[in-house]
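In what follows, chains are A, B, ... by sequence order, proteins preceding strands, each numbered from 1.
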Number of protein chains: 2
Amino acid sequence: MRCSLGRALDVIGDWWSPLIIRDLFLGIGRFDELVEDLGISRNLLTRRLNLLAEAGVIERQAYQLRPRRWEYRLTAKGRDLVPALLALTEWGNRWAAPEEGPPMLFVHTGCGGPVTPTVVCSECGRPLQADEIRAVAGPGGAAGPGTRVLARRLTLPH
Amino acid sequence: MRCSLGRALDVIGDWWSPLIIRDLFLGIGRFDELVEDLGISRNLLTRRLNLLAEAGVIERQAYQLRPRRWEYRLTAKGRDLVPALLALTEWGNRWAAPEEGPPMLFVHTGCGGPVTPTVVCSECGRPLQADEIRAVAGPGGAAGPGTRVLARRLTLPH
DNA sequence: GTAGTAAGTTCAGTCATTGAACTTAAGGTG
DNA sequence: CACCTTAAGTTCAATGACTGAACTTACTAC
């Protein structure tokens with residue numbers, strides 16, 4: 001698929017991958033811990049971990065030899081995914097938090113304060129809102145699955 | 001599932017929903033257009049649209065009577081999801097863009113400039129990085145699927 | 001009255017996911 | 001030495017989700 005959202009979803013577009021990445025981010029990195037924390041079935045976790053490793057988002061490291069025991073951790077590419085997942089989490093907090101309040105909060109060690117992850121425009125720094133954003137065709141713009149109708153819309157008018 | 005990421009994924013945790021929401025955001029709102037643009041099968045699109053509508057993320061509106069024809073559009077809850085999806089798209093641009101460059105760019109009508117969606121700390125305004133964020137238990141913190149191991153980690157140490 | 005369009009529904013086949021049991025390679029206990 | 005335990009998987013049957021193609025309905029235009 002040509003669009004960058006589609007390419008991101010190729011990596012984390014299933015139900016479990018974002019949760020696996022969140023758990024690795026939080027320091028839960030061993031196979032049985034992930035099974036217990038998420039309730040994912042073992043064979044599926046095996047496949048997901050392999051796919052995420054192939055995609056370069058996570059890597060496997062031995063934390064002990066004899067017997068060899070493994071731990072999974074985020075790569076730079078995977079760590080860079082965390083802010084985007086936090087933005088999604090924040091949406092969940094705003095629109096679908098349980099009555100008691102969010103089960104988890106985040107602290108920014110840079111400033112010491114509680115974080116409300118916010119997606120802003122890198123140019124002007126203001127929070128992004130859907131109605132203030134217009135899409136235009138980029139350099140790699142072409143029609144393909146995921147942009148068949150879109151390609152016509154982006155190039156024709158204006 | 002108790003965590004807010006899990007709750008967000010309950011709504012958009014499959015492969016198609018984020019793409020559907022992106023298309024609605026870009027003005028592609030009719031059934032056959034969505035089928036053509038995404039290449040999704042018709043029966044699945046029907047189900048996804050119904051689920052997203054049930055979740056309050058999209059709504060159906062007639063754009064013509066006799067014969068009745070429908071159009072789907074984002075609700076406020078759905079529009080609020082767009083910045084988070086843009087953050088994900090931006091990750092796709094950084095780590096998985098095609099050689100020719102990203103197929104689509106965004107312009108911020110507020111400042112007129114090209115947008116690079118960035119996730120920042122709402123307190124200090126600095127871009128979030130995985131290694132500068134610490135998780136702490138929130139008011140609704142309890143052990144359940146998705147936080148079984150986590151609950152022990154968050155409350156016990158420190 | 002024949003063709004076309006938009007928005008679906010129906011159905012057979014395939015593929016993904018679940019849940020439970022089993023495997024492998026060690027280490028520790030009596 | 002025999003037995004139990006742990007971590008990290010693998011294997012397998014059953015169920016559920018998704019795909020692709022054909023069909024349906026309600027209308028308009030020629």
Side-chain angles (χ1 to χ4, degrees), chain A residues 1 6 9-21 23-24 27-55 58-73 144-146 148-150 152-153, chain B residues 1 6 9-21 23-24 27-55 58-73 144-146 148-150 152-153:
Chain A
M1 187 166 280
L9 293 174
D10 278 342
V11 178
I12 53 144
D14 66 285
W15 208 77
W16 292 112
S17 295
L19 292 169
I20 291 170
I21 290 166
D23 269 19
L24 297 188
I28 298 177
R30 300 187 187 174
F31 192 90
D32 280 19
E33 282 178 338
L34 289 167
V35 168
E36 191 195 350
D37 191 56
L38 300 175
I40 188 176
S41 70
R42 299 171 153 269
N43 55 357
L44 187 54
L45 179 58
T46 300
R47 198 176 331 156
R48 284 284 162 272
L49 289 172
N50 287 338
L51 288 173
L52 289 171
E54 266 176 54
I58 68 173
E59 61 192 358
R60 194 166 75 146
Q61 252 206 343
Y63 67 88
Q64 141 184 326
L65 308 162
R66 326 205 48 78
R68 241 197 179 84
R69 294 286 158 81
W70 304 97
E71 190 169 45
Y72 294 88
R73 26 161 67 198
R148 270 187 275 257
V149 173
L150 242 167
R152 294 203 293 271
R153 294 276 174 99
Chain B
M1 189 168 277
L9 292 174
D10 279 342
V11 177
I12 52 145
D14 67 288
W15 208 78
W16 292 114
S17 295
L19 292 169
I20 291 170
I21 290 166
D23 270 18
L24 296 189
I28 297 178
R30 300 187 187 174
F31 192 89
D32 281 18
E33 282 179 339
L34 289 167
V35 168
E36 190 195 350
D37 192 58
L38 299 175
I40 187 176
S41 69
R42 299 171 153 270
N43 55 355
L44 187 53
L45 178 57
T46 300
R47 198 173 334 153
R48 284 287 162 268
L49 289 172
N50 287 337
L51 288 173
L52 288 171
E54 265 177 53
I58 69 173
E59 60 192 359
R60 196 166 74 147
Q61 253 206 341
Y63 67 88
Q64 142 185 325
L65 308 162
R66 327 201 53 75
R68 242 198 177 82
R69 294 286 156 81
W70 304 97
E71 191 169 45
Y72 294 88
R73 25 161 66 200
R148 271 185 277 255
V149 173
L150 242 167
R152 293 201 294 273
R153 295 273 174 98

Visitor: What is the distance, rounded to the nearest whole Å, between atom CG of A/N43 and atom C1' of D/dA14?
Guide: 13 Å
Visitor: Just verifying a value: how many Å separate B/L38 CG and B/R48 CZ, rounded to the nearest 0.5 Å?
Guide: 12.5 Å
Visitor: In whole angstroms, how far is the P atom of C/dG8 from the CD1 atom of B/I40?
Guide: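 About 13 Å, once rounded to whole Å.
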Visitor: CH2 of A/W15 versus C1' of D/dC18: gap in Å, rounded?
Guide: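 About 19 Å, once rounded to whole Å.
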Visitor: Could you check how far CG of B/L65 sits from P of D/dT28, rounded to whole Å?
Guide: 11 Å
Visitor: Looking for any heavy atom pair under 4.0 Å, which part of the strands does A/R68 touch: base, sugar-phosphate only, or nothing?
Guide: nothing
Visitor: Does A/T46 put a side-chain nitrogen or oxygen below 4.0 Å from OP1 or OP2 of D/dT10?
Guide: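 Yes, because at least one side-chain N or O of A/T46 sits under 4.0 Å from OP1 or OP2 of D/dT10.
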Visitor: To the nearest Å, how far apart are A/L44 CG and D/dA8 C1'?
Guide: 16 Å
Visitor: Would you sort out whether A/S17 and A/V11 count as a side chain to side chain contact (heavy atoms under 4.5 Å, CB included), showing the intermediate values?
Guide: CA-CA 8 Å; A/S17 295; A/V11 178; over 6 Å; no
Visitor: Please tell me if A/R42 has a side-chain N or O lying less than 4.0 Å from either OP1 or OP2 of D/dA7.
Guide: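 For D/dA7, neither OP1 nor OP2 has a side-chain N or O of A/R42 closer than 4.0 Å.
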Visitor: Counting only side-chain nitrogens and oxygens, does B/Y72 get under 4.0 Å of the OP1 or OP2 atom of C/dA6?
Guide: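 No, B/Y72 has no side-chain N/O under 4.0 Å of OP1/OP2 on C/dA6.
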Visitor: Give the rounded distance in Å between these two atoms: CD of A/E33 and P of D/dA8.
Guide: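 Between P of D/dA8 and CD of A/E33: 8 Å.
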Visitor: So, taking the atom named CD in A/Q61 and the one named CZ in A/R73, what distance separates them when rounded to the nearest 0.5 Å?
Guide: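 It comes to 4.0 Å.
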Visitor: Below 4.0 angstrom from OP1 or OP2 of C/dG8, is there any side-chain N or O of B/R60?
Guide: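 Yes, within the criterion.
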Visitor: Starting at CD of A/Q64 and ending at C1' of C/dA26, how long is that distance when rounded to a whole Å?
Guide: 9 Å
Visitor: Does D/dT19 have OP1 or OP2 under 4.0 Å away from a side-chain N or O of B/W16?
Guide: yes
Visitor: Under a 4.0 Å threshold between the charged nitrogen and the carboxylate oxygen, would A/E36 count as salt-bridged to A/R30?
Guide: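 Salt bridge: no.
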Visitor: Within this structure, what is the CZ-to-P distance between A/R69 and D/dG9, rounded to whole angstrom?
Guide: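 Result: 10 Å.
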